[in-house]
Amino acid sequence: MAMTKGRQREILESVYSCIALVFIFVACVELCDAATVVDVYRLIQYDISGVPFGSRLARLNHHVAYSPFVPGADLSRAVVIIPIREVNITFLRECITQKKALGGLLLLLPQKFNSESKDDSKEGGHMYKEEGMQNILAELEKLLINAAIPYPVYFAFEDEKIDAILADVKRKDAIGQSPTATTGGYKAVTANPEPKKLAPATITNIQGWLPGLRTDGDTNQLPTIAIVASYDTFGAAPALSVGSDSNGSGVVALLEIARLFSRLYSNPKTRGRYNILFGLTSGGPYNYNGTMKWLRSLDQRVRESIDYAICLNSIGSWNNELWIHVSKPPENAYIKQVFESFSSVAEELGIQVGLKHKKINISNPRVAWEHEQFSRVRVTALTLSELSAAPGLLESTGSLFDSRQFVNDTAVRRSVKLVAESLGRHIYAHPRKNIEIFADGSSLAINPSYIKSWLNLLSQTPRVAPFLSKNEPFISALKKELADHTVEVNVQQDVLDGIFTFYDSTTARLTIYQVVSVAFDLLLLLAVGSYLIMLFSGLVITTRGVDDLIGIFRRPPSRKQKIA
């Protein structure tokens with residue numbers, strides 16, 4: 001019975017020791033708890049004809065550092081965090097071109113650029129006056145998307161928690177305490193898998209008609225005017241590429257023009273003797289690949305009936321000057337007529353309109369403007385834009401700085417007014433001045449609320465084609481909206497031409513842990529070890545006695561002694 005009680009006591013002591021160990025381990029876990037968790041957006045990864053560009057890795061598991069420009073610093077196992085407003089482009093370019101080893105790079109964007117940020121300055125056309133920031137972002141994005149970077153690069157938005165972590169890291173850097181396994185600090189970890197190739201991208205074009213009025217017995221094909229805008233984007237971070245101005249402003253203008261003319265064309269008395277064809281095209285950043293496929297799919301008779309096409313591109317952040325870009329000589333009859341019509345209306349509205357002529361090279365696959373795809377199939381076309389020169393391939397088509405606060409609602413309304421009035425005077429053969437078809441306060445007035453609501457929606461919707469599904473809700477919304485104002489709306493789907501390859505893993509959750517130094521780990525190990533030795537000794541003494549405890553550490557007798 002005594003042995004049974006002793007055995008029970010031994011079991012109870014063991015249970016108590018296990019409970020104590022559990023508390024110790026819980027305390028250790030609490031000391032290494034996450035400091036913060038943030039949404040991060042990976043730099044795009046893509047290939048052009050097999051040549052790699054962008055961030056080639058996705059997974060992070062390294063200590064956090066502040067600046068990669070400390071002389072002699074080994075940051076091959078560190079995630080460098082830099083706020084955009086503190087980026088030194090020159091040093092960063094040297095870092096990339098010299099292939100300096102980094103564990104990863106996290107660039108912090110101001111909250112002003114967050115589409116989910118509740119900031120009143122984003123609405124109503126109030127522009128965010130930080131041209132210096134725009135220039136930095138434009139240069140940074142151009143640098144990043146045109147380089148193959150052998151480590152993960154992410155973007156995130158500044159917030160109080162990550163700012164506090166960064167301040168602590170800066171303080172330690174200032175005193176020369178770099179984050180290592182021996183000094184502790186913070187550790188950044190993502191759990192996302194390494195990126196994989198995406199299937200060839202599907203591009204979706206949407207078109208709608210407003211048929212003109214045909215008189216009795218008239219069997220001739222009515223002339224057609226096309227209004228076109230490309231809706232998809234490309235940017236350094238696909239999950240942030242909303243392209244509010246390029247080309248959200250063009251899409252919004254097209255929808256509003258369709259709404260205005262649908263009112264005129266709904267009444268036979270005010271229906272013009274021109275068909276109006278509206279096209280929302282995809283593949284804009286990729287040499288307007290979707291526009292090319294859409295034009296080729298059109299019936300030849302329809303294509304030949306097009307008098308001219310107006311392509312709308314980036315018309316939401318200009319002050320007082322717009323540009324008409326053409327491929328055909330200014331002496332061309334249609335070009336001359338359209339430019340004179342635009343100039344006449346522009347003069348009444350107090351707008352300056354310039355004309356830029358650029359010949360196209362059919363043998364060159366590069367297409368700088370959307371109207372060039374029309375010119376290649378011998379259709380007269382022009383592009384209306386605030387840009388005086390064409391951007392480079394994959395540039396200015398949904399950049400990080402192209403967000404809602406940079407789009408001026410008034411600029412979009414004035415662009416719509418310019419196009420609608422010019423188009424109306426041409427259709428209804430009223431070239432004279434002072435004839436206002438879409439007068440303010442009338443039933444045909446431009447609707448600011450309509451423009452604002454669609455700008456807001458587009459500014460919250462990333463639209464990089466390879467990451468859009470065939471049944472994307474946004475594309476369905478565009479189709480429905482165009483169907484509300486036009487007839488014979490149809491959707492064309494095709495595959496993006498194969499020189500581009502894209503990779504997934506565009507977003508992740510980044511956990512930043514506060515970690516302790518090795519010295520603390522050793523001290524904790526010593527404390528736990530001492531406690532276990534004391535606990536073990538106490539158990540042996542209480543259950544077997546001091547002699548048995550001493551016997552454990554006593555050297556056993558040799559074999560000869562046993563024989564003797």
Side-chain angles (χ1 to χ4, degrees), residues 36-48 51-62 64-65 68 75 77-84 87 92 95-96 99-111 113-116 137-138 140-159 162 187-199 201 232-243 285 394-395 397-403 460-469 500-512:
T36 188
V37 179
V38 295
D39 292 318
V40 290
Y41 310 90
R42 193 168 75 98
L43 173 67
I44 195 166
Q45 178 181 352
Y46 67 103
D47 304 334
I48 300 180
V51 180
F53 294 95
S55 176
R56 309 309 295 183
L57 295 176
R59 190 174 298 168
L60 291 174
N61 189 5
H62 297 298
V64 172
L75 299 173
R77 297 184 60 80
V79 178
V80 178
I81 301 180
I82 312 175
I84 290 293
V87 165
L92 189 58
C95 183
I96 292 173
K99 301 186 183 302
K100 183 171 183 176
L102 293 181
L105 180 63
L106 177 61
L107 298 163
L108 299 181
L109 299 167
Q111 272 295 335
F113 291 85
N114 191 348
S115 63
E116 298 178 0
L137 277 173
L140 175 66
E141 191 163 10
K142 185 176 180 179
L143 171 66
L144 294 176
I145 67 174
N146 289 299
I149 303 176
Y151 46 81
V153 179
Y154 283 95
F155 298 91
F157 293 103
E158 297 173 345
D159 61 25
I162 202 166
K187 196 169 191 178
V189 179
T190 60
N192 53 324
E194 289 303 331
K196 297 178 181 178
K197 287 184 180 181
L198 292 171
D232 58 351
T233 60
F234 178 93
L240 299 177
S241 184
V242 295
L394 303 180
E395 294 179 10
T397 55
S399 306
L400 291 168
F401 60 85
D402 188 359
S403 49
Q460 297 172 2
T461 310
R463 304 183 302 281
V464 180
F467 305 97
L468 297 177
S469 66
F500 295 95
T501 303
F502 294 88
Y503 295 77
D504 62 5
S505 191
T506 59
T507 62
R509 296 279 285 173
L510 176 71
T511 305
I512 301 180

Can you check whether [X] reaches [Y] side chain to side chain, under 4.5 Å on heavy atoms?
X: L105; Y: L43; answer: no
X: V80; Y: L75; answer: yes
X: L137; Y: S399; answer: no
X: L510; Y: L60; answer: yes
X: L240; Y: L109; answer: yes
X: L92; Y: V87; answer: yes
X: L107; Y: L140; answer: yes

Point-to-point distance, once rounded to the nearest 0.5 Å, from [atom1] of [X] to [atom2] of [Y]:
X: I81; Y: L106; atom1: CD1; atom2: CG; value: 5.0 Å
X: I48; Y: L394; atom1: CD1; atom2: CG; value: 5.0 Å
X: D402; Y: E141; atom1: CG; atom2: CD; value: 9.5 Å
X: K196; Y: Q45; atom1: NZ; atom2: CD; value: 13.0 Å
X: I84; Y: F155; atom1: CD1; atom2: CZ; value: 6.0 Å

Take R59 and E194 through the side chain to side chain contact (heavy atoms under 4.5 Å, CB included) test and state the conclusion after the steps.
CA-CA 6 Å; R59 190 174 298 168; E194 289 303 331; 3.1 Å; yes
Please lay out, stage by stage, how D159 and V38 fare under the test side chain to side chain contact (heavy atoms under 4.5 Å, CB included).
CA-CA 9 Å; D159 61 25; V38 295; 3.9 Å; yes
With sequence neighbours excluded, residues passing side-chain contact (heavy atoms from CB on, under 4.5 Å) with N192
A58, Y154, T190, S505, A508
What residues form a side-chain contact (heavy atoms from CB on, under 4.5 Å) with R509, not counting sequence neighbours?
V37, D39
Carboxylate-amine/guanidinium proximity below 4.0 Å for R56 and D47
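Looking at R56 and D47, the cut-off is met.
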Please check: side-chain N/O of S55 versus main-chain N/O of Y151, any donor-acceptor pairing under 3.5 Å?
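Looks like yes, one N/O pair under 3.5 Å.
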Donor-acceptor pair, side chain of E158 and main chain of P110, under 3.5 angstrom:
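Between the backbone of P110 and the side chain of E158 there is no qualifying donor-acceptor contact (under 3.5 Å).
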Mind checking ring-ring contact (aromatic ring centres under 6.0 Å, His included) for Y46 and listing every partner two or more places apart, or none if nothing turns up?
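Scan of Y46 (ring-ring contact (aromatic ring centres under 6.0 Å, His included), adjacent residues dropped) gives F53, F234.
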Which heavy atom in P285 sits nearest to a heavy atom in D232, and how many Å separate them?
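Taking P285 first and D232 second, the nearest heavy atoms are CD-OD1, 3.4 Å.
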Work out which heavy atom in R42 is nearest to a heavy atom in D504; give both atom names and the distance.
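R42 and D504 have their closest heavy atoms at NH2-O, 2.9 Å.
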Would you give me the side-chain donor-acceptor pairs under 3.5 Å for residues 142-150, sequence neighbours excluded?
{"unit_1": "N146", "atom_1": "ND2", "unit_2": "K142", "atom_2": "O", "d": "2.7"}

Please tabulate, for the side chains in residues 460-469, all donor-acceptor contacts under 3.5 angstrom to protein atoms that are two or more places apart in sequence or on a different chain.
{"unit_1": "T461", "atom_1": "OG1", "unit_2": "L457", "atom_2": "O", "d": "2.7"}
{"unit_1": "R463", "atom_1": "NE", "unit_2": "Y231", "atom_2": "O", "d": "2.6"}
{"unit_1": "R463", "atom_1": "NH1", "unit_2": "V242", "atom_2": "O", "d": "2.6"}
{"unit_1": "R463", "atom_1": "NH1", "unit_2": "L458", "atom_2": "O", "d": "2.9"}
{"unit_1": "R463", "atom_1": "NH1", "unit_2": "T461", "atom_2": "O", "d": "3.1"}
{"unit_1": "R463", "atom_1": "NH2", "unit_2": "V242", "atom_2": "O", "d": "2.8"}
{"unit_1": "R463", "atom_1": "NH2", "unit_2": "G243", "atom_2": "O", "d": "3.2"}
{"unit_1": "S469", "atom_1": "OG", "unit_2": "E472", "atom_2": "N", "d": "3.2"}
{"unit_1": "S469", "atom_1": "OG", "unit_2": "E472", "atom_2": "OE1", "d": "3.2"}

What residues form a side-chain hydrogen bond (donor to acceptor under 3.5 Å, both in side chains) with T233, not counting sequence neighbours?
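Per chain and number, T233 pairs via side-chain hydrogen bond (donor to acceptor under 3.5 Å, both in side chains) with S241.
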